[in-house]
Number of protein chains: 2
Amino acid sequence: MTKKVKLADIAKLANVSAITVSRALSTPDKVKPETCDKIQRIAAELGYIPNLMAKGLKARSKTIGVIVPTIINPFFANALKSIIRSASKTGYTCLFFSSDESAAMEQNAVNTLISYNVDGIIIAVISEDEDYRPSYFATLAKLNIPVVLLDRQIEAPHSGGVYLDNVDSGYKLGKTVAKGRHQRILLVSGSANSKVANSRLAGIKMALEECASGAQLDIIKADFNSALAQQLTAEYLLGNQPDAVIGLNNQITLGALEACVQHGLRPDQDVAFYSIDEIATAKHFGVTIPCIKHDVEEFGYHAVTQLIRTIESDNSEKHAEIIIRGVVMA
Amino acid sequence: MTKKVKLADIAKLANVSAITVSRALSTPDKVKPETCDKIQRIAAELGYIPNLMAKGLKARSKTIGVIVPTIINPFFANALKSIIRSASKTGYTCLFFSSDESAAMEQNAVNTLISYNVDGIIIAVISEDEDYRPSYFATLAKLNIPVVLLDRQIEAPHSGGVYLDNVDSGYKLGKTVAKGRHQRILLVSGSANSKVANSRLAGIKMALEECASGAQLDIIKADFNSALAQQLTAEYLLGNQPDAVIGLNNQITLGALEACVQHGLRPDQDVAFYSIDEIATAKHFGVTIPCIKHDVEEFGYHAVTQLIRTIESDNSEKHAEIIIRGVVMA
DNA sequence: CTGAAAGCGCTAACAA
DNA sequence: TTGTTAGCGCTTTCAG
């Protein structure tokens, strides 16, 4: 077992001081080219890996923290992936945490990120209920650590946010549904005080009303997970026979879908499905689910860009909101 | 904007020295109860959050690093989730990185973890090809940082590993397939030099031979992603008509499934599907895919437990391998 | 262009 | 039980 190689080790071999080595590796222009070359060669030979702990103790850490409620949901998994990619392009490292849908773990993750001296945080909070007011936002504000909200908007001091245009998504999907000339439409929504759900719902209603299709619209309030959607849909099906089902997010659609097939209804044939958020696996099963697809790559990109801009322009820039619009995939 | 609260701040208010505060918060038994209470109260009031950078500069970081090739694959997403849960129960923090299936990013992630002074690393390497010999293993060995391999076994110095019993999984699935009395079975495998794929394949062959079903077995070598499996299956279907398809992992099964439905074959009815790894979404579509399901929770648990044991028993313990067996889900 | 000194926040080691 | 000193590895002054 060897000890970790440090600046002093390289310095000794190169007959210079540690600070020169530091400069050769971080700000090469400040060192005479020959010296610089020699140092870099020695560093490479020794397999030098800088100690971020020591570095971060003084300066900027060049690190951003990311917190999502779950990585099982492909939406967040993809967002995470694009965030990591965008960040690494700009020379930032990402520290990632999952709050596992728990307020305690979310708080915890924030603390850990503060512990690690992150320069900023991108967070998709666990809930967008109106009464969810996590206290860590105040802490972050005090410490001047910028926060970019992802997808879920809440009332809290933060420096920016990247959201979906949920009314627009609903509206577009509604227009698509209207073309289907259905008689009886089941809409499975998210929780009653979710702004995302309500915006999507409003958009859909608007579109359907505009088209005056005359279709009956039944609405179930579930939540953004598949289990409840499945259960409530199953109950609904006992006394009703829709010819179209709309899921307000990917998980809901999957739950409703399951309830329908269990009830003997064949997707596409007996009942048409529509979804906000893509159901990526549908194609594997040969099922067509027209949907509003959101460009998750873009989502991550904007979150990172916005955060880094705020970080580097220090003066707590004007609070910006970026809205991503979805596109219809039929 | 406030500066971060540090030990000295608390110390001043409590009329004690910084080290006492440190002790009150980390090792309370070493401080007089009253003093301890007072300090803890003040710390809480001030919202003290320890600086891990400073802490990690000296001592053990109580942190483990985790690297997986992708989080889009539910297998790894779930593994990650269970690792995080297990680790947090034992008081360790996880730093997580995705190598995005790239050797460079993997190397990078390892370096970053070393930078952060992690006490140990759990890694699912990007490839188990025989010629994949990443150099960082030597580095980690030198630094005495224990490594637990996850799922993918390679020749490299490491202190432990948690793997699936792939021959067993293949065998069990083979037995299940045999019961179906199929005439013509298509098996879509992983890459030719993947030990995981070959073990599963061997197990399946063994089971089928034992049952002397007389079925014809066609084997396609693809890889563990769905795109190639889909493409090769599609080509195969142009000249062949299987009544059963076996996918050697979840991605392969999905790819093969897609090729079949595009070719007009209905799952369950025209062709039976079997898979190693669960296809969780199948139930949403009302499709039954008998499979070998692996307890991913256990996977993560063992990886963490093993790693922490090695970390805490310092003396580079005997190299242990843990094998998880899958169960049939029909 | 290079170096010496100081200090980031925390905690071993050694007093008191 | 508590405090002092020193130092972890690096970088930011300030000098040369």
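This structure is a prediction, so every number in the text was calculated from the model and none was measured. Values below: all heavy atoms of this structure, side chains included; hydrogens, waters and symmetry mates excluded. The sequence lines fix the lettering, A, B, ..., with proteins before strands; numbering per chain opens at 1.
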Of the candidate nucleotides C/dG3, C/dT11, D/dG3, which contains the atom at the shortest distance from the side chain of B/K55?
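For the B/K55 side chain, the nearest candidate turns out to be C/dT11.
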
To the side chain of A/L57, which of C/dT2, C/dC10, D/dG9 is closest?
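For A/L57, the side-chain atoms sit closest to D/dG9.
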
B/N117 and A/K4: side chain donor to acceptor below 3.5 Å
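Short answer, yes.
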
Flag for A/Y116-B/T63: side-chain donor and acceptor within less than 3.5 Å
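Present: a donor and an acceptor within the cut-off.
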
Return the angle between end axes of the helix from C/dC1-D/dG16 to C/dA16-D/dT1, with five pairs used per end and rounding to 10°.
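Here the local axes at opposite ends form an angle of 30°.
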
I'd like to know if the side chain of A/N78 and the backbone of A/V296 have a donor-acceptor N/O pair within less than 3.5 Å.
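No, the answer is negative, given that no donor and acceptor are paired below the 3.5 Å cut-off.
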
Is there a donor-acceptor pair under 3.5 Å between the side chain of A/Q40 and the backbone N or O of A/A24?
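Checking the backbone N and O of A/A24 against the side chain of A/Q40, a donor-acceptor pair under 3.5 Å is found.
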
What is the distance, rounded to the nearest whole Å, between atom CD1 of A/I39 and atom P of D/dC10?
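That distance rounds to 13 Å.
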
Send over the distance from A/L25 CG to D/dT11 C1', rounded to a whole Å.
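Taking atom C1' of D/dT11 as the reference, CG of A/L25 is at 13 Å.
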
Looking at every strand, decide which applies to B/K30 at a 4.0 Å heavy-atom threshold: base, sugar-phosphate, or nothing.
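Base, at least one base atom sits under 4.0 Å.
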
Of A/I19 and A/K6, the one whose closest DNA chain D nucleotide lies more 5'
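It is A/K6, whose closest nucleotide lies nearer the 5' terminus.
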
Got a salt bridge between A/K3 and A/D9, using NZ or NE/NH1/NH2 to carboxylate O under 4.0 Å?
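No, A/K3 and A/D9 are not salt-bridged.
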
Apply side-chain hydrogen bond (donor to acceptor under 3.5 Å, both in side chains) to residues A/T112 and A/S115 and explain how you reach the verdict.
CA-CA 5 Å; A/T112 307; A/S115 273; 5.8 Å; no

